[in-house]
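First the structure, in the form of structure tokens, and then the observations on it.
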Amino acid sequence: MLDSIRVRLTLWYTGVLTLVLVVLALITYFIFWRSTLQRTDVNLSELSEAFLTTLDAEVKDQSGPDSLKLAGQVAITEHRFRDHVFAIFDAVGNIVVSSQDVPPAAPGSSAGGPLSSQSFQRFLDASSRAERLFGKVKGGKDGYRGFMRHFSSTGKTYVLVILQSLHAQQEMLEEVTSTVAWVIPIAIVLASVGGYFLARKSLAPVVAMSSQAGRIGAANLHERLAVQNDKDELGHLAQSFNSLLDRLSQSFERQQRFMADASHELRTPVAILRGEAEVALSQQARSLDEYRESLGVLHHEAERLTHIVEDLFTLSRADAGQYPLQPRDFYLDELVAECVHSARTLALAKKISLNFEEASESPIRADESLLRRMILNLLDNAIKYTSEGGRVTVACCRTGEEYVLSITDTGGGIPAELQPRIFERFFRADKARSRAENDGGGAGLGLSISRWIAEAHLGRLELTRSDSVGSTFTAYLPAPPSPSASTS
Ligand code: ADP
């Protein structure tokens, strides 16, 4: 159950809300209690003023040794309220007059009234240390708030004590507490039910999205999630998911096309191999020459197969990012010269003149065998697609921060509408010719691999010109900083 975000959200929400409400209730209780006490204290202080004024006036009307006692009785009668206790003590702690039984101040006397004698005694003891004093006195139902002050009358010092019962305040606080005690749980229950439905409502699109996403597989990769509101977070999520599906389906389609093209390319040499072998085996008596001829065809097709499989393997490793480059330092101009030398036999066979224009020293750090493969691919194509007696020119120079290696032929060129596609895998502009004249390759993978090689070296490979008088393929490869640049 806790695995559901809805439930977790609701629990978190309820927990935080409960905490906030309880803390709020405690703070409110504390503030309420303090302000009640403050009001009581102000009340007691004012009452004492009024009481002493009355006492003063009454003392003047009395005579004799009990004048203060009599005046006190009159003042008490005048100011007496149901929940107040008045008492006047003399300097040694004897009761002069009191509104009800209070515990005698003198130690050892017997307790009286509802007041706790111990608590009252402590309060009185404190009176010797202060001129005015507020304090709590236990007794009655909820205790008393006590106020004591010294005053002088008839030439002597006395202590006036007024106690106010805290029963009414306590009752009010209890009422507030009991109200809060049922309001908070109800608020929490209501809020958590509301929170659960809110969480459910807000997460409903996610649930819908996940079940929609769960239905999308290889068979219906073209389906997309419905975007309710493209401006909110869930809309963004759906859009991101959809664009992920776009990319996935594109790469899936590419993969499928690649597989279909690859199997198509492999089928032809395999069919030739099988056919040739069947023909050779079906005839009882064949001459040695005929066998040699058949084996020659088998060998040729096997070579072609090997070539295609190697190219496919290179591309699939490149796609998976698993073709580690093995860079080392060498001279690009020397590598180009070597490749031109290797291709010379091919060119000679077609009476094509193959020229490498003199190049200056071109140090480079790269994967030599991959660059060799790229240059040979380009040379091979240039010779393959140039008619007899034509010319292939190779040039290598440095321009700024890069080496520019161009291979120009005098072949028939590539039709303009097909030029953008020649770097695609398995694409052949002139299928019949590319297969008929090749020497074991021609699956339309050469240029894709060559472009990947240039890009793996942070360079690029482009068809810079192609028309009826020939084509130029140019590879741009990053050059190391030139010595003049590094010393300047
Ligand atoms: P292929 O093995 O068919 O040569 P590539 O990937 O090397 O495959 O070349 C793709 C296609 O580009 C070729 O089939 C050919 O039609 C065209 N092409 C490549 N190089 C040249 C060129 N120098 N002149 C004319 N066409 C070319």
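Both counts, for ligands and for their atoms, begin at 1 and track the order of listing. All figures in this text were calculated on a predicted structure; none of them were measured in a lab.
Using a cut-off of 4.0 Å between Lys/Arg side-chain N and Asp/Glu carboxylate O, Glu402 and Arg460 are scored as salt-bridged. Salt bridge annotation for Arg373-Asp367: absent, with no cationic side-chain nitrogen under 4.0 angstrom from a carboxylate oxygen. Using a 4.0 Å cut-off between charged nitrogen and carboxylate oxygen, Glu253 and Arg257 do not count as a salt-bridge pair. With respect to the salt-bridge test (charged N to carboxylate O, under 4.0 angstrom), the residues Asp319 and Arg254 do not qualify.
Remark: ligand 1 atoms within the under-4.0 Å shell around heavy atoms of Leu447 are 5 (P), 6 (O), 7 (O), 9 (O), 10 (C), 12 (O), 19 (C). Against a heavy-atom cut-off of under 4.0 Å, Ser471 is close to the following atoms of ligand 1: 24 (N). In the vicinity of Gly444, heavy-atom distances shorter than 4.0 Å reach the ligand 1 atoms 1 (P), 2 (O), 3 (O), 6 (O), 8 (O). The atoms of ligand 1 that sit less than 4.0 Å from any heavy atom of Gly446 are 5 (P), 6 (O), 7 (O). Shown in contact with Ala443 at under 4.0 Å from a heavy atom are these atoms of ligand 1, numbered in order with element: 2 (O). Close contacts between ligand 1 and Ile422 involve ligand atoms 10 (C), 12 (O) [criterion: under 4.0 Å to a heavy atom]. In summary, the atoms of ligand 1 found under 4.0 Å from a heavy atom of Leu445, numbered by their order in the structure, are 6 (O), 8 (O).
The proximity of Ser466 to ligand 1, defined as any non-hydrogen pair under 4.0 Å, does not occur for either the backbone or the side chain. Of the heavy atoms in Asp409, only side-chain atoms (C-beta onward) come closer than 4.0 Å to ligand 1. If you look at Ile414 next to ligand 1, the close heavy atoms, those under 4.0 Å, all belong to the side chain.
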Listing, residues 9-19 side-chain donor-acceptor contacts under 3.5 Å, not counting sequence neighbours, or none:
| residue | atom | partner | partner atom | Å |
| --- | --- | --- | --- | --- |
| Thr10 | OG1 | Arg6 | O | 2.6 |
| Thr14 | OG1 | Thr10 | O | 2.6 |
| Thr18 | OG1 | Thr14 | O | 2.6 |

Throw together a table of side-chain donor-acceptor distances under 3.5 angstrom for residues 236-248, partners on residues two or more places apart or in other chains.
| residue | atom | partner | partner atom | Å |
| --- | --- | --- | --- | --- |
| Ser240 | OG | His236 | O | 2.8 |
| Asn242 | OD1 | Leu225 | N | 2.9 |
| Asn242 | ND2 | Leu225 | O | 3.0 |
| Ser243 | OG | Gln239 | O | 3.4 |
| Ser243 | OG | Ser240 | O | 3.0 |
| Asp246 | OD1 | Arg224 | NE | 2.8 |
| Asp246 | OD1 | Arg224 | NH2 | 2.8 |

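Using a 30° and 60° split on the angle between ring planes, Phe426 and Phe258 fall in the tilted class, from 30° to 60°.
Where the criterion is an N or O separation shorter than 3.5 Å, residue side chain and backbone included, Ala429 meets it with respect to ligand 1. In terms of polar-atom proximity, Ser448 is not counted as a contact of ligand 1, lacking any N or O under 3.5 Å from an N or O of the ligand.
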Exercise for the section: Report the C-alpha distance between Leu447 and Phe473 in whole Å, list the side-chain angles of each, state the deciding distance to 0.1 Å, and finish with yes or no for side chain to side chain contact (heavy atoms under 4.5 Å, CB included). Expected result: CA-CA 10 Å; Leu447 284 181; Phe473 282 89; 3.9 Å; yes

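Tested against Ile184 for a side chain to side chain contact (heavy atoms under 4.5 Å, CB included), the candidates Leu21, Leu24, Val189 yield a single pass: Leu21.
Looking at Tyr385, Phe423, Phe426, Phe473, it is Tyr385 that brings a heavy atom closest to atom 13 (C) of ligand 1.
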